[in-house]
Amino acid sequence: MAAFTPISLDTAESIARYSPTPNDTALQIEKVQVEHRLQLINAWRIPPGSTILEIGCGQGTCTTVLATAAGPNGHVDAVDPGPPDYGSPYTLAQAQAIISAGTLGDRITWHNAEPTDVLATSGDKVWDYAVFSHCIWYFDNRDVLSTILRAMQGRVGAVLVAEYALTATERDAQPHLLSAIARAALEAHNPSSTANIRCLLSPAGIKEIAEASGLKVGDESIIVPAAGLLDGVWESGEVRSKSFVDEVGKRITSPRVKEMLLSSREAVIASHAAMNGRKTRTMDVWVASFTPVE
């Protein structure tokens, strides 16, 4: 592998164009998402020529950034078990097909399967890095992460993680932090949930699981997302909406749990109102690397 050189955020728009963007507004949203992931790559110091196993690739935003970092001599195995017809305005299958048809296509192999199945059916293949970029909260429980990490033993050189830190350096990110807690509390009462916040693992919880799986923590840092990253807007908006109240009424029978969830929603509403019209920021992101214990 070549030596690592930081990737300029100025490349974000050109990388964003590899993903489907039906209009200028969508392109701008994707550009900010790409800029955030370029920050992750630079924190992880992924050099050209790397082979990467990406867990939870979704529609491929981080995949395009990883493929850019890997360069023509590297490769990304992008894994996601989600239904191919999931997503809007482009499904996973459509978005991945568009990326594959572009310049980065030959650097990426898509796997519509569980990560453990990919590991079990890939023989003795090894990767320089396994990447978990904003996917851990999608897992049903902490055992999912533990199982994947244990299946990776002896197969990856380092495990790279980015997940929300459950802290808000920017005060305007507080509604996002409160929304994540409220959403996770609701989904804990829905065994068949497919929501994007199901397992609210903290950095301390992730480190505990990683260490129990034979890994040691290396570099850690906190990234304060740019104001244009809209995850906080989207997730706090969902909790403030009437649909959240409807879900509570549909799924919760315990009066005490129902009051707790509705009060959690009120806390989000109050926090949002205190911003006096400013846009909700996205909470801090924890970035870490792990290597096998010798």
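The first residue in the sequence is number 1, and the count goes up from there. Note that this is a predicted model, so its numbers are computed, not measured.
Here the CD atom belonging to Gln174 is positioned 12.5 Å from the OG atom belonging to Ser236, to the nearest 0.5 angstrom. Residue Asp10 holds its CG atom at 10.0 Å from CG of Leu38, rounded to the nearest 0.5 Å. In this structure, Ile136 CD1 and Ile197 CD1 are separated by 13.5 Å, a value rounded to the nearest 0.5 Å. Within the model, atoms CZ of Arg37 and CG of Leu229 stand 7.0 Å from one another, a figure rounded to the nearest 0.5 Å. Here the SG-CG distance, from Cys57 to Asp77, works out to 10.5 Å after rounding to the nearest 0.5 Å. Residue Ser50 holds its OG atom at 10.5 Å from CG of Asn73, rounded to the nearest 0.5 Å.
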Quiz prompt | Derivation and outcome, side chain to side chain donor-acceptor pair (under 3.5 Å), residues Asp85 and Gln94 | solution = CA-CA 8 Å; Asp85 61 355; Gln94 289 170 334; over 6 Å; no

Practice problem: Using the side chain to side chain contact (heavy atoms under 4.5 Å, CB included) rule, take Phe4 and Asn42 through it: C-alpha gap first, then chi angles, then the decisive distance, then the call. | Solution: CA-CA 9 Å; Phe4 168 77; Asn42 289 337; 3.7 Å; yes

Practice problem: Just do the side chain to side chain donor-acceptor pair (under 3.5 Å) check on Asp284 and Thr167 with the steps written out, would you? | Solution: CA-CA 6 Å; Asp284 302 344; Thr167 59; 2.7 Å; yes

Exercise. Under the salt bridge (charged side-chain N to carboxylate O under 4.0 Å, His left out) rule, what do Glu208 and Arg142 come out as? Steps first, then yes or no, please.
Key: CA-CA 10 Å; Glu208 177 184 311; Arg142 63 167 39 219; 3.2 Å; yes

Exercise. I would like to know whether Lys207 and Glu211 meet salt bridge (charged side-chain N to carboxylate O under 4.0 Å, His left out); could you show each step before the answer?
Key: CA-CA 6 Å; Lys207 286 192 284 187; Glu211 289 167 357; over 6 Å; no

Quiz item: Are Ser19 and Ile99 close enough, and set up right, to give a side chain to side chain contact (heavy atoms under 4.5 Å, CB included), and what steps lead you there?
Solution: CA-CA 6 Å; Ser19 297; Ile99 293 170; 3.9 Å; yes

Practice problem: Please assess Tyr129 against Thr51 for the test side chain to side chain contact (heavy atoms under 4.5 Å, CB included), listing each intermediate value before the final yes or no. | Solution: CA-CA 7 Å; Tyr129 302 100; Thr51 55; over 6 Å; no

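Of the possible donor and acceptor atoms, none in the side chain of Glu170 sits under 3.5 Å from a partner among the backbone N and O of Val224. In this structure, the side chain of Arg265 engages the main chain of Val239 through a donor-acceptor pair within 3.5 Å. The main-chain N or O of Glu238 is found under 3.5 Å from a side-chain atom of Ser241 such that the two form a donor-acceptor pair. No side-chain donor-acceptor contact under 3.5 Å links Gln96 to the backbone of Ala93. Side-chain atoms of Ser193 come within 3.5 Å of backbone atoms of Ala195 as a donor-acceptor pair (strictly under, hydrogens ignored). Distance alone, capped at 3.5 Å, places no donor-acceptor pair between the Thr91 side chain and the Gly87 backbone. Of the possible polar contacts, none joining the Ser271 side chain to the Ala267 backbone as a donor-acceptor pair under 3.5 Å is found. Remark: side-chain polar atoms of Thr282 are paired, donor with acceptor, to backbone N or O of Gly232 under 3.5 angstrom.
Two residues are said to be in side-chain contact when any heavy atoms from C-beta on lie closer than 4.5 Å; His189 and Val257 meet this criterion. Residues Leu92 and Asp80 are in side-chain contact: their nearest non-hydrogen atoms beyond the backbone lie under 4.5 Å apart. Using a 4.5 Å heavy-atom threshold, the side chains of Leu215 and Val293 count as separate. Between Arg155 and Trp127, some side-chain heavy-atom pair lies under the 4.5 Å cut-off. Residues Leu104 and Val76 form no side-chain contact, since every pair of their non-hydrogen atoms from C-beta on lies 4.5 Å or further apart. For the pair Tyr18/Ile98, no side-chain contact is recorded, criterion being any heavy-atom separation below 4.5 Å from C-beta on. The closest side-chain heavy-atom distance from Val285 to Ile222 is not below 4.5 Å. When side chains are defined from C-beta on, Val156 does not count as touching Asp128, because their heavy atoms never get closer than 4.5 Å.
For His134 and His36, the gap between ring centers is short of 6.0 Å. Taking the six-membered ring for Trp and the full ring otherwise, the centers of Tyr164 and Trp286 sit at least 6.0 Å from each other.
In the hydrophobic clustering of ILVMFWY residues, with side-chain heavy atoms under 4.5 Å counting as a link, Ile55 and Val126 come out apart. Residues Tyr138 and Trp110 do not share a hydrophobic cluster, clusters being chains of Ile/Leu/Val/Met/Phe/Trp/Tyr side chains in contact below 4.5 Å. Under a hydrophobic-cluster definition in which Ile, Leu, Val, Met, Phe, Trp and Tyr are linked whenever side-chain heavy atoms come within less than 4.5 Å, directly or via other members, Ile223 and Val233 are assigned to different clusters. Hydrophobic clustering, with ILVMFWY side chains joined whenever heavy atoms are under 4.5 angstrom apart, groups Val217 together with Met152. The hydrophobic cluster containing Val144 also contains Val118, counting ILVMFWY residues as joined when their side-chain heavy atoms lie under 4.5 angstrom apart, directly or transitively.
In the model, Ser179 has no side-chain atom that pairs as donor or acceptor with a side-chain atom of Glu235 under 3.5 Å. Checking Ser192 against Asn190 by side-chain atom types alone, a donor-acceptor pair falls below 3.5 Å. With hydrogens and angles left out, the side-chain atoms of Thr61 and Glu30 include a donor and acceptor closer than 3.5 Å.
Lys250 has no carboxylate O lying under 4.0 Å from a charged side-chain N of Asp246, or vice versa, which leaves the two without a salt bridge. Taking a cutoff of 4.0 Å between a charged side-chain nitrogen and a carboxylate oxygen, Glu247 and Lys242 do not qualify as a salt bridge. Look at Glu294 and Lys216 and you find no salt bridge, because none of the NZ, NE, NH1 or NH2 atoms lies under 4.0 Å from a carboxylate O.
Within 6.0 Å of CG on Asp219 lie no more than 12 heavy atoms contributed by other residues, nucleotides or ligands. Within 6.0 Å of CZ on Arg278 lie more than 12 heavy atoms contributed by other residues, nucleotides or ligands.
Results of the side chain to side chain contact (heavy atoms under 4.5 Å, CB included) test with Trp137 over Arg198, Arg183, Glu163 single out Glu163 as the only residue that passes.
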